[in-house]
Amino acid sequence: MAALAAAQEHHDRAPDDPFTLKPLSGSVYALYGRGGNVGFYVGPDAVVVVDSQFKDLAPGIVDKIKSVTDRPIKYLVNTHHHGDHVGGNEVFRHFAVIIGHDNVRTRMLASPAEILRDFPARVEAARKAGNEAQAKQLSEQIDSAKSVKVEEIPAPVLTFDSELRIHVGDETVQVWHTPPAHTDGDAVIYFEKANVLHMGDDFFNKVIPFIDVAHGGSVKGYLVALDKVIGRVPANVTIIPGHGEVTDVAGLKAFRQYIADVLDAARKAKAAGTSKDDFVKQVDIAAYKDYSGYADRFKSNAAAAWDESP
Ligand SMILES: [Zn+2]
């Protein structure tokens with residue numbers, strides 16, 4: 001997979017360059033970096049970008065786009081509110097209209113208050129666990145939450161509740177809100193003519209997902225969202241996941257199977273009278289052990305699935 005990606009790259013990369021640019025069909029590109037995958041479309045008079053990774057990476061994202069076109073970057077669509085997808089908004093806001101689901105804006109604006117509410121206890125816990133570095137990092141976030149002005153947060157300025165379309169040249173960029181899956185503000189972006197779909201974190205390819213239950217995410221919701229998307233796109237669509245490599249519908253269906261398998265394991269355990277603690281301790285699905293993030297996130301996926309099981 002990695003060798004193929006390298007062969008398809010058409011720009012030389014400096015050793016310290018975190019990016020890999022992958023041309024897809026119809027002037028759509030995938031850009032891998034350190035956060036969530038970026039996608040962009042180069043139209044005759046405007047560039048449409050999906051997600052902005054982190055603030056420190058955003059200038060590099062802009063440079064990569066400028067390496068293939070001198071057309072202006074006019075639109076940035078956020079797939080959801082997480083920092084590894086919207087961190088670069090602060091850079092893009094100066095030249096692009098930022099678009100996202102209503103809840104992306106709401107969540108981003110609520111973030112400082114949430115940090116002030118939740119982080120002091122986390123600093124305490126980190127200190128108790130002897131993790132000074134983490135305590136320091138959390139304290140810094142509390143400090144910046146205290147000083148930030150809500151009206152200066154670079155949240156989407158154009159929001160929608162269900163769908164919208166961006167018309168650039170002969171391309172129609174469809175933006176659909178999906179039922180809550182990763183968060184309650186998820187959007188997927190379909191480049192109709194190019195037949196390329198950017199799924200944000202509704203899709204982790206061969207990567208164990210983070211399911212943000214605290215912000216409206218749901219394991220069962222993932223199945224509903226994925227089925228809706230699968231039912232709406234052509235079978236030969238090219239898919240950019242939020243994390244992992246570009247793939248196709250078969251790759252998406254493998255991820256759907258993962259979600260179904262976790263839910264199934266939880267439902268069976270609950271029906272057999274197993275306690276949540278015991279289930280989470282014992283649960284293991286061999287087929288997904290080679291997915292990245294298995295050690296970090298699989299158990300919390302299983303715990304959420306248990307909570308949502310009948
Ligand atoms: Zn996310």
Side-chain angles (χ1 to χ4, degrees), residues 18 30-40 49-58 61 76-90 92 98-111 114-115 118 141 153-156 159 175-189 197-226 228-229 239-247 251-252 255-256 258-259 262 291-301 303-305 308:
L31 183 58
Y32 304 119
R34 204 174 66 233
N37 294 330
V38 169
F40 66 92
V49 183
V50 179
D51 282 349
S52 61
Q53 297 200 346
F54 297 102
K55 189 183 170 188
D56 65 316
L57 286 192
I61 294 169
L76 170 68
V77 185
N78 288 151
T79 58
H80 63 293
H81 75 280
H82 287 154
D84 57 331
H85 297 258
V86 305
N89 283 14
E90 211 156 315
F92 282 83
I98 304 181
I99 299 165
H101 183 261
D102 295 330
N103 290 342
V104 176
R105 180 173 173 86
T106 307
R107 298 274 182 214
M108 286 180 73
L109 298 191
S111 162
E114 207 176 305
I115 289 171
D118 297 342
Q141 290 191 59
I153 293 171
T159 66
V175 185
W176 310 325
H177 173 51
T178 64
H182 181 63
T183 69
D184 60 8
D186 300 336
V188 301
I189 292 83
L197 176 70
H198 191 307
M199 286 200 62
D201 285 359
D202 272 2
F203 179 22
F204 287 65
N205 185 20
K206 293 199 164 67
V207 177
I208 300 294
F210 167 55
I211 301 173
D212 193 349
V213 177
H215 296 110
S218 156
V219 192
K220 277 187 173 165
Y222 257 103
L223 283 191
V224 181
L226 295 173
K228 271 205 149 167
V229 172
I239 306 177
I240 306 173
H243 297 270
E245 305 263 341
V246 169
T247 183
L252 180 59
F255 177 66
R256 188 204 180 279
Y258 165 75
I259 299 287
V262 176
Y291 278 28
S292 104
Y294 188 86
D296 303 322
R297 293 185 296 276
F298 173 67
K299 297 276 185 187
S300 69
N301 287 182
E308 291 181 33

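For this chain, numbers begin at 1 and follow the sequence in order. Below, each value reflects all heavy atoms present in this structure, side chains not excepted, and no hydrogens, waters or symmetry copies. First listed ligand is number 1; within each ligand, the first listed atom is number 1.
A donor-acceptor pair is defined here as one N or O able to donate and one able to accept, closer than 3.5 Å; no such pair exists between the side chain of Lys228 and the backbone of Pro179.
With sequence neighbours excluded, no residue forms a salt bridge (Lys or Arg N to Asp or Glu O under 4.0 Å) with Asp118. For Asp84, there are no salt bridge (Lys or Arg N to Asp or Glu O under 4.0 Å) partners, not counting sequence neighbours.
For the salt bridge (charged side-chain N to carboxylate O under 4.0 Å, His left out) condition, no pair includes a residue of residues 203-218, sequence neighbours left out.
For Tyr222 and Phe255, the ring centers sit closer than 6.0 Å to each other.
Protein N/O/S atoms closer to the Zn ion (ligand 1) than 2.8 Å number 4 in this structure.
Remark: Lys299 NZ is packed, more than 12 non-hydrogen atoms of other residues, nucleotides or ligands lying under 6.0 Å away.
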